[in-house]
Amino acid sequence: MSAPPPILEMRSITKEFPGVKALSDVSLTVMPAEIHAICGENGAGKSTLMKVLSGVYPHGTYTGEIFFRGEEVQFRDIRQSEQAGIAIIHQELALIPELSITENIFLGNEIARGGRIDWSAAKRKALDLLARVGLAEDPDTQIKHLGVGKQQLVEIAKALAKDVKLLILDEPTAALNEDDSQHLLDLILGLKGRGIASIMISHKLNEIEQIADAITIIRDGHAIETLDVHGGDVDEDRIIRGMVGRSLESRYPDRTPHIGEVFFEVRDWTIQHPQVPERLVAKGSNLEVRRGEIVGLAGLMGAGRTELAMSIFGRSYGTYLAGTIVKDGKEIVLKDVESAIDHGLAYVSEDRKVLGLNLLDTIKRSIVSAKLRKIARLDVVDEFKEAQVAESYRKQLRIKSPSVDMGVAKLSGGNQQKVVLAKWMFTDPDLLILDEPTRGIDVGAKYEIYTIIQQLAAQGKGVILISSELPELLGIADRIYTVFEGRITDNLPVSEATPEALMRSMTSAKKKANA
Amino acid sequence: MTTPTGATPTGATTTGATPEKRGGFADLRKMFGNGQSTLRQFGILGSLVVIIALFQLLTWLIKGTGLTLSSTNLINVVNQYSYILILAIGMVMVIIMGHIDLSVGSVAAFTGIIVAKAMSEWNLPWPLAIVLGLLVGAAVGAWQGFWVAYVGVPAFIVTLAGMLIFRGGNQWIGQSTTTPVPVEFTYIGAGYLPDVPGSLFNYATMALGVLGAAWIVYNELHLRSVQKKMGSPQAPLWVSIVKVVLLAGVILWAAWLFATGRPGTSFPISGIILVLLVILYSFITRSTVFGRHIYAVGGNRLAATLSGVKDRRVDFFVMMNMSVLASLAGMIFVARSTASGPQDGNGWELDAIAAVFIGGAAVSGGIGTVIGSIIGGLVMAFLNNGLQLLGVGADWVQIIKGMVLLLAVGVDVWSKSQGRPSILGLWSRRRRTRLEEQGPTEPPAVVPSSGTNESSEPRDVARL
């Protein structure tokens with residue numbers, strides 16, 4: 001049996017930006033009804049390649065040829081690529097929250113007769129599409145009432161409405177929980193069964209391993225290799241080796257912990273949801289941290305980990321009901337963020353672009369921003385000291401930038417995260433709460449972040465690490481708490497913790513309910 | 001572009017791309033900025049020079065003599081626009097915060113009438129009347145700041161209401177008629193530096209000019225010494241010399257023009273108040289903790305609050321400060337026109353807002369400088385003035401001013417769309433939210449606050 005002709009062939013694609021060659025001579029071949037994964041570190045050129053394919057970068061701004069369903073195509077914009085049957089689903093969903101599911105699905109593609117929208121036909125077709133993606137929702141529901149997972153499905157329904165032949169998914173499961181992720185992966189497999197090919201960009205290697213037929217690895221703008229999953233021998237380590245160009249001995253740096261006394265305790269912490277008074281996001285939680293200890297906080301998304309952390313950090317989330325914080329044997333009251341900082345707490349937020357950084361600022365101004373008064377006399381900022389401080393952190397944390405006068409918006413994710421870490425290290429904290437500090441960061445930068453965290457612990461600081469990645473917690477934490485529905489359900493030394501045991505505690509009430 | 005990029009990490013290739021931009025020309029630009037949008041301000045300074053030169057040329061061609069840069073005209077421009085520029089100082093801080101203040105004209109008029117009444121009817125001495133005026137401004141500002149900061153009503157609405165309330169207040173107190181002010185009071189709006197009779201030029205004005213030039217020299221020397229100490233790249237010496245000679249020359253020349261006007265005139269007192277305020281507020285916005293907090297909240301309110309900035313307090317004081325400056329502007333105007341009337345300050349807010357945006361501020365907040373706004377205000381002032389000198393009617397003056405505003409901001413938006421996100425796009429997505437109030441339109445990654453009850457139910461399983 002001879003192989004069918006490929007549905008997509010990109011040949012020798014080269015794309016340059018001023019001063020950077022983002023893609024050089026990249027070729028990609030996707031077969032019909034194939035799920036083709038693209039892997040690579042952040043900044044390797046995956047998204048650029050997809051933007052070339054979908055016409056975001058119009059024909060002429062790159063060199064190379066694209067053949068789609070046997071014909072050469074030269075898309076000038078995204079509309080043309082959609083008409084050809086290529087739909088791209090971005091990491092950030094492009095739905096309009098105030099509009100209904102139906103309105104969103106047919107936005108720009110309305111079922112109209114003589115300029116008038118035929119709503120009943122649209123709704124019928126929407127119901128049909130929702131059934132195909134397995135979403136049981138009223139098509140009149142506004143998007144804002146749907147969770148992220150369901151929104152993702154609406155996006156796919158929207159693509160199906162346009163009679164898609166090739167679906168591009170950019171980090172589709174990044175914001176999804178495991179159930180939703182699994183549902184989505186099943187759906188992609190289902191579409192494959194109907195002859196729709198998919199290109200999937202993902203950092204989650206386990207998912208790729210699970211559903212991909214072929215994997216193309218991109219590194220520094222070059223297509224390094226294409227792996228055939230069915231040929232065997234492809235596992236996560238093999239993929240990582242291709243992505244980083246070397247075999248990673250260990251994803252976590254070695255460390256000998258030196259753990260001291262308990263210096264920080266949270267007792268009976270009870271916090272109310274800010275909008276729904278009857279909901280408690282923390283229910284009598286107890287927590288303690290020792291000097292030099294890295295304490296993991298494991299839990300499902302929405303279990304209340306971030307809420308717990310933020311409420312401890314100067315009550316920046318929810319309404320305080322009860323509970324005490326004891327630091328160095330003394331009870332302290334942290335009514336706002338400023339007092340939390342003054343008492344030596346630091347909170348590195350989950351989303352650095354929304355909560356962590358002012359993207360209009362320079363590196364140096366960002367680094368000193370959480371404790372400006374430290375370099376100010378009579379409230380006048382000493383700009384000389386500011387530059388010195390920033391420069392020393394730039395060297396210490398190896399922030400890749402020519403100078404500290406550069407805007408943080410221009411940095412890569414890993415370097416932005418280092419700026420955020422520097423900002424909080426500058427406040428001289430005793431306790432650092434790190435909320436998903438490695439999310440969206442490539443493998444190499446993750447290793448550096450882990451090293452920094454371990455150095456902080458080695459200095460005798462306490463670290464609370466919130467992470468959704470259990471291997472990460474097991475890799476660098478000394479002790480792990482599990483959180484479920486606002487309660488702390490378990491407290492395990494890392495030597496006793498296994499992914500299975502943690503997952504059980506993270507879903508404990510569910511288990512009881514099912515039993 | 002044949003370098004083998006495969007050999008270098010991508011991070012290094014991107015960041016090392018523009019080394020030639022440092023030093024030299026970039027340093028020249030930096031002088032006018034706050035580390036923010038310096039290119040834009042440099043451009044706007046260029047347009048100011050072009051506009052002045054253009055009108056000088058046009059008046060020379062049409063009227064036979066260059067009128068724009070004559071002593072009389074320069075003094076006129078300062079007298080006519082100092083109060084708008086004072087408003088622009090406060091307005092840029094409001095706009096950096098992502099707010100807007102529409103009430104400044106009405107607040108100015110409201111203060112004006114109170115001060116005028118206080119002097120003419122209660123015989124309040126003029127120095128006390130000025131203090132009273134500033135207190136009225138502070139009270140009005142506290143009122144508006146309260147609504148903006150602690151109730152959370154958008155500043156646009158609060159100050160739209162204030163615009164009506166304080167305009168009405170002015171007309172009620174003044175019974176919609178004009179109230180004259182004593183002669184001594186007019187000094188702050190129509191006075192000049194003292195003159196020595198029979199002298200060739202005004203000594204005080206020239207002294208100020210020399211002081212300004214000396215400051216330019218000192219500043220450059222200081223900058224170079226700091227750069228040397230830091231080991232950061234220094235501009236070549238000739239760049240520094242050119243910069244100093246150029247700037248000091250302009251200042252001395254302007255001082256000479258002001259000092260050699262019609263006898264009895266010199267640099268106006270209102271201009272001196274303006275210069276002092278520019279220096280003070282440039283310092284505050286650039287170098288104080290409070291100033292940094294303004295940029296921090298304007299740039300990213302959520303990140304700022306999580307860094308310990310009390311955003312509501314910043315909101316409050318910025319709004320309050322605006323009203324105090326509006327009161328000052330109102331008093332200067334009343335002093336200049338020797339009476340307070342019911343139509344004082346009409347449309348000032350628009351001139352001040354236009355000045356700020358021409359001066360490089362972003363509609364979405366977080367960007368803008370005092371000095372940029374002053375330059376923006378001067379662009380509008382010389383444009384207005386030049387067109388008047390040429391005898392262009394008020395109708396066309398408005399049309400041209402409107403086009404200039406649109407063009408200036410349009411260029412900014414366009415330049416941002418080349419790589420950086422459009423400021424108008426951000427405007428439409430602007431969040432006036434606080435941590436606990438975030439709506440579901442937030443990016444889904446913000447777990448504790450993302451939205452509806454349903455989406456924050458513990459339904460999610462960790463990524464493994």
Side-chain angles (χ1 to χ4, degrees), chain A residues 16 18-21 24 43 92 97 144-145 147-148 175 177-179 204 206 220-222 274 276 300-303 306-307 310 316-317 337-338 341 347 349-351 354-362 369-370 372-373 376 379-381 383-384 387 400-402 405 412 468-470 485 506, chain B residues 1 3 5-6 8-19 35-36 226 229-230 232 287-290 292 295-296 299-300 302-308 310 366-367 420 435-437 439-449 451-464:
Chain A
E16 284 178 17
V20 200
K21 210 171 198 178
S24 85
E92 285 105 30
K144 65 177 178 185
H145 296 305
V148 193
N177 63 41
E178 194 156 275
D179 289 343
K204 296 191 191 168
N206 57 331
D220 294 337
H222 294 262
V276 192
L300 317 179
M301 237 190 245
T306 299
E307 290 84 343
M310 285 178 72
S316 42
Y317 177 84
V337 174
E338 201 180 10
I341 294 173
Y347 171 69
S349 62
E350 179 175 25
D351 187 324
V354 176
L355 299 174
L357 286 172
N358 173 2
L359 292 173
L360 301 170
D361 245 348
T362 57
S369 65
L372 259 182
R373 292 206 162 82
D379 266 15
V380 176
V381 177
E383 285 171 64
F384 181 66
K400 272 184 211 155
S401 77
D405 291 318
S412 70
S468 292
E469 294 181 33
L470 290 186
E485 287 189 337
M506 284 156 64
Chain B
M1 295 309 288
T3 42
T5 45
T8 26
T10 28
T13 18
T14 9
T15 50
T18 50
Q36 298 207 17
V226 166
K229 215 156 81 180
M230 288 291 298
S232 57
S287 298
T288 65
V289 171
F290 182 70
R292 291 294 180 88
Y295 286 100
N300 185 341
L302 298 178
T305 39
L306 277 182
S307 303
K310 297 196 165 76
I367 296 176
R420 278 181 291 171
L435 282 175
E436 67 271 27
E437 307 167 347
T441 48
E442 290 299 317
V446 197
V447 172
S449 33
T452 57
N453 306 334
E454 188 212 329
S455 68
S456 41
E457 287 292 336
R459 64 196 166 78
D460 291 342
V461 177
R463 310 188 282 148
L464 285 174

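Naming convention: chains lettered A, B, ... in sequence-line order (proteins, then strands); numbering from 1 in each chain.
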*If you count heavy-atom pairs under 4.5 Å with chain A, which of B:S307, B:G308, B:G299 comes out on top?*
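Counting heavy-atom pairs under 4.5 Å, the top option is B:S307.
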
Compare every heavy atom of [Y] with every heavy atom of [X], then report the nearest pair and how far apart it is.
X      : Y      : answer
B:G366 : A:L360 : CA-CD1, 3.6 Å
A:L355 : B:N300 : N-ND2, 4.4 Å
A:G356 : B:A303 : C-CB, 3.8 Å

*Go through the structure and list residues passing side chain to side chain donor-acceptor pair (under 3.5 Å) with B:S287, not counting sequence neighbours.*
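Side chain to side chain donor-acceptor pair (under 3.5 Å) check on B:S287 returns A:E383.
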
_Rounded to the nearest 0.5 Å, what separates atom CG in B:L302 from atom OG in A:S316?_
11.0 Å

*Show your reasoning for whether side-chain contact (heavy atoms from CB on, under 4.5 Å) applies to A:V337 and B:T305.*
CA-CA 7 Å; A:V337 174; B:T305 39; 5.8 Å; no

*Check for a donor-acceptor pair, side chain of A:N358 on one end and backbone N or O of B:Y295 on the other, with a separation under 3.5 Å.*
yes

*A:D379 (side chain) donor-acceptor with B:V289 (main chain) under 3.5 angstrom*: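 Absent.
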
_Heavy-atom proximity to chain B below 4.5 Å, by part of A:A387_ =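 Contact with chain B is through both the backbone and side chain of A:A387.
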
*asked:* Is A:L357 in contact with chain B via its backbone, its side chain, both, or neither, using a 4.5 Å heavy-atom distance?
replied: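 The answer is the backbone of A:L357.
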
*asked:* Applying side-chain contact (heavy atoms from CB on, under 4.5 Å), can you list everything that pairs with B:A304, at least two apart in sequence or on another chain?
replied: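 Counting only residues at least two positions away or on another chain, B:A304 forms a side-chain contact (heavy atoms from CB on, under 4.5 Å) with B:A296, B:V297, B:V309.
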
